[in-house]
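A short write-up of the structure that comes next.
This one's a predicted model, so the numbers in the text were calculated from it and none came from an experiment. Below, chains carry the letters A, B, ... as their sequence lines are ordered, and counting in each starts from 1. The figures here come from the full heavy-atom set of this structure, side chains too, leaving out hydrogens, waters and symmetry mates.
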There are 4 protein chains.
Amino acid sequence: MPESRGYPRRRSSAKHEAIIESAIELADVEGYALTTIEKVAAHAGVGKATIYRWWKSRAELYTEVYQELVPLEELGRNTGNPRKDLTDLLKAVFRHYRQTPAGKILAGLISDSQLQASARDALKNNLVAGRKPLLLDILETARRDGSLEQGADTILIADALTGLIWRYLLVEPDSLKDDMAERMVAALVFRGTP
Amino acid sequence: MPESRGYPRRRSSAKHEAIIESAIELADVEGYALTTIEKVAAHAGVGKATIYRWWKSRAELYTEVYQELVPLEELGRNTGNPRKDLTDLLKAVFRHYRQTPAGKILAGLISDSQLQASARDALKNNLVAGRKPLLLDILETARRDGSLEQGADTILIADALTGLIWRYLLVEPDSLKDDMAERMVAALVFRGTP
Amino acid sequence: MPESRGYPRRRSSAKHEAIIESAIELADVEGYALTTIEKVAAHAGVGKATIYRWWKSRAELYTEVYQELVPLEELGRNTGNPRKDLTDLLKAVFRHYRQTPAGKILAGLISDSQLQASARDALKNNLVAGRKPLLLDILETARRDGSLEQGADTILIADALTGLIWRYLLVEPDSLKDDMAERMVAALVFRGTP
Amino acid sequence: MPESRGYPRRRSSAKHEAIIESAIELADVEGYALTTIEKVAAHAGVGKATIYRWWKSRAELYTEVYQELVPLEELGRNTGNPRKDLTDLLKAVFRHYRQTPAGKILAGLISDSQLQASARDALKNNLVAGRKPLLLDILETARRDGSLEQGADTILIADALTGLIWRYLLVEPDSLKDDMAERMVAALVFRGTP
DNA sequence: TGGTAATCGAGACGGTACGTCCCGTCTTAAG
DNA sequence: CTTAAGACGGGACGTACCGTCTCGATTACCA
């Protein structure tokens with residue numbers, strides 16, 4: 001109904017983009033915790049109701065922001081070398097965390113997920129469910145080509161990589177650097193130096 | 001007895017216990033997110049100020065609660081069999097998460113840690129710093145007795161175990177069962193079925 | 001209608017009235033001292049913030065209440081007989097003090113004025129500054145028509161009348177009856193029985 | 001009981017005096033409104049309970065302080081010239097208000113008197129009842145010697161002087177200077193320049 | 001092109017909890 | 001046995017956002 005006629009196509013709306021950009025900037029400058037819907041609305045020159053019209057909660061808004069800041073397409077590349085692919089993927093993620101507020105935002109989303117059921121769903125169904133296959137694909141390729149043993153618990157390994165990233169993001173966010181990507185791959189997946 | 005630091009500052013251990021117990025019960029019944037300082041005070045029959053007198057924040061209070069619910073002493077046992085010790089430790093932790101609100105509380109503390117700097121410190125300096133050695137000790141023993149290769153990155157493996165637990169606690173808390181302990185140990189540490 | 005100052009700031013006149021009425025009732029029933037903003041809000045079915053949005057303090061709210069309970073227009077009437085006008089004015093004021101909580105409220109405002117600078121200003125700039133001219137006008141008329149001597153210090157006489165009312169209001173509120181009005185006029189202004 | 005033996009005679013107690021002096025100093029420096037029992041106790045190096053043992057409330061404590069700062073004996077002097085005696089009395093009072101925190105304290109006591117019944121009693125029974133005779137005596141002398149007409153309402157005139165002082169103390173404390181004493185006497189009592 | 005309905009910004013609103021302050025009473029340990 | 005120090009329950013403070021709502025002003029479509 002809001003899409004059809006009364007209001008222009010949503011994704012192209014200037015308002016919509018102003019909100020997203022304000023959300024990014026405020027998360028960057030003030031941090032996720034201090035970024036309230038109220039402030040985003042004021043910063044974007046938009047009524048609060050306009051935000052609530054499109055997103056049920058701060059978590060939902062920032063889930064979309066995260067997807068925009070760390071787009072799936074920029075992470076995966078299948079070169080046939082799983083170890084390299086995986087390491088590159090992690091490095092790309094960490095780079096986004098350094099260059100954008102995406103890291104803070106993910107940490108904030110994890111925090112929000114414990115405060116509201118809807119936020120937990122947003123995290124689980126979008127970010128987790130949407131990105132886990134990326135890791136699994138690489139790990140499966142590795143198992144198929146023999147660089148990972150047949151019986152490897154790829155799901156758990158994938159979750160462990162995510163868990164490690166979250167853990168560092170939550171308490172030691174500065175540790176997510178390139179060499180950490182190498183260490184993670186070496187310790188959790190392929191065991192040993194390349 | 002614990003409150004005799006010097007002369008002037010005393011505290012009623014009865015109140016102290018009433019507060020801790022109320023905190024546990026409310027976290028259990030209502031969940032961490034809905035448990036406000038105000039409710040804990042009311043439930044314990046105590047003024048809010050009495051809580052703020054002894055704990056700077058909800059996070060600090062619940063850090064103490066967590067330590068009480070999952071005491072270090074009940075987790076570690078050195079039997080000379082690192083694989084068994086590690087699996088048992090994880091099982092013991094998961095059991096506490098099933099039988100007490102400790103799991104919810106840890107998830108809540110992680111959430112709080114993103115909202116206030118002091119909460120992050122409480123988490124980092126008490127829970128993380130206090131419990132990591134338990135894992136590291138076992139892993140080092142394993143490396144010494146050869147069940148883990150010489151070059152193993154024990155720190156990262158320990159953090160990965162923690163990260164995995166956190167990840168599940170945060171988005172799939174029901175998955176932390178005994179067999180998950182086995183899978184974790186097999187996938188991240190000793191590689192393969194026992 | 002009164003709330004259309006520009007476009008953005010509107011206010012619900014229904015709420016506004018509910019607050020004023022609650023304030024009057026509570027002052028009447030519980031007394032000014034026990035009437036907290038919190039109680040007024042609860043009684044009016046309004047959030048505390050709504051009160052603080054429109055009045056900076058309890059004193060400011062009750063200054064408005066006082067003006068409503070003892071409206072200037074009901075006090076002054078120029079009949080050409082200053083002695084009668086003055087006596088009538090005092091009687092009218094005392095009647096309001098008997099029939100409404102206005103007396104208690106003025107005493108409370110005087111009390112508040114010693115607790116907060118803003119309350120002192122509210123009292124001084126609104127009630128005092130707004131009502132003193134009423135007395136002065138009558139006294140000046142009296143001086144002009146000779147019923148008061150040329151050199152009379154009308155300002156001081158006006159302030160003495162106010163001071164006397166305040167003094168009785170503060171420590172012997174029941175003494176403010178009709179005959180007291182006569183006595184005041186006789187003793188402070190026109191000297192002697194009519 | 002506290003006088004007889006267990007504790008040394010009250011008026012000479014060092015503690016007692018430390019409390020009074022702290023009360024004076026704090027009223028002077030911070031103002032009456034900000035001077036809490038808590039602060040007086042801390043400043044005097046005394047437990048709060050010690051203060052409550054001797055005075056039921058802040059108002060009762062400060063009633064004693066006021067009596068000490070503006071002792072009756074320093075005000076009255078019967079020289080046989082009522083007009084001069086009265087003017088001198090007012091000047092002496094105003095001087096105390098300028099040189100000590102007595103003025104602030106009286107204003108504070110008036111304020112407190114609207115907050116607690118016991119404070120109203122303290123004000124009424126001690127300060128008002130104790131000092132009114134001073135004025136009345138002078139006014140009666142004046143009436144007897146003919147400088148005030150026979151029918152003068154001396155009670156009301158006395159109360160008007162008090163009321164005027166209170167009124168200025170409460171909203172324009174700086175106006176209480178020597179010439180104001182002259183004006184008051186001329187306007188309210190003896191009518192006309194000396 | 002003027003009328004009209006949808007949509008918007010601004011922010012008022014009830015509500016909840018925050019963390020602080022001080023009250024007047026009570027408890028503890030030192031002297 | 002009295003005292004200081006201050007812990008205690010209680011109540012109100014004034015503030016911040018929440019998510020919903022109301023109001024005119026603005027817009028954009030249609031007749």
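Listed nucleotides: E:dA12, E:dA17, F:dG19. Nearest to the side chain of C:W54: E:dA12. With E:dG9, E:dC18, F:dC8 as the choices, the nucleotide that has an atom nearest any side-chain atom of A:K15 turns out to be E:dG9. Relative to the side chain of A:Y52, the nucleotides F:dA7, F:dG19, F:dG14 differ in distance, and F:dG19 lies closest. Listed nucleotides F:dC21, E:dA12, E:dG14 differ in distance to C:R53; the shortest reach to its side chain belongs to E:dA12. If you check F:dC13, E:dA12, E:dC21 against the side chain of C:E38, the one that comes closest is F:dC13. Nearest to the side chain of C:K39, among F:dA12, E:dC13, E:dC22, sits F:dA12. Closest to the side chain of C:K48, from the set F:dT15, F:dC18, E:dG14, is F:dT15.
For C:Q116 and F:dA12, the CD to P distance is 16 Å, given to the nearest whole Å. Remark: P of E:dG11 and CD1 of A:I37 are 18 Å apart, rounded to the nearest angstrom.
Taking only side-chain nitrogens and oxygens, D:T50 never comes nearer than 4.0 Å to OP1 or OP2 of F:dT2.
Base engagement by D:A49 is indicated by at least one non-hydrogen atom pair under 4.0 Å involving a base atom. Nucleic acid contact for B:A41: none, since no nucleic acid atom lies under 4.0 Å from a heavy atom of the residue.
Residues that satisfy the side-chain hydrogen bond (donor to acceptor under 3.5 Å, both in side chains) test with B:E60, not counting sequence neighbours, are absent from this structure.
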Under 3.5 Å, which donor-acceptor pairs do the side chains of residues 42-52 of chain C form with other protein atoms, sequence neighbours left out?
unit_1, atom_1, unit_2, atom_2, d
C:H43, ND1, C:S22, OG, 2.9
C:K48, NZ, C:E38, OE2, 2.8
C:T50, OG1, C:R53, NH2, 3.3

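Under the 3.5 Å distance criterion, the side-chain polar atoms of D:Y62 are matched with a main-chain donor or acceptor of D:A23.
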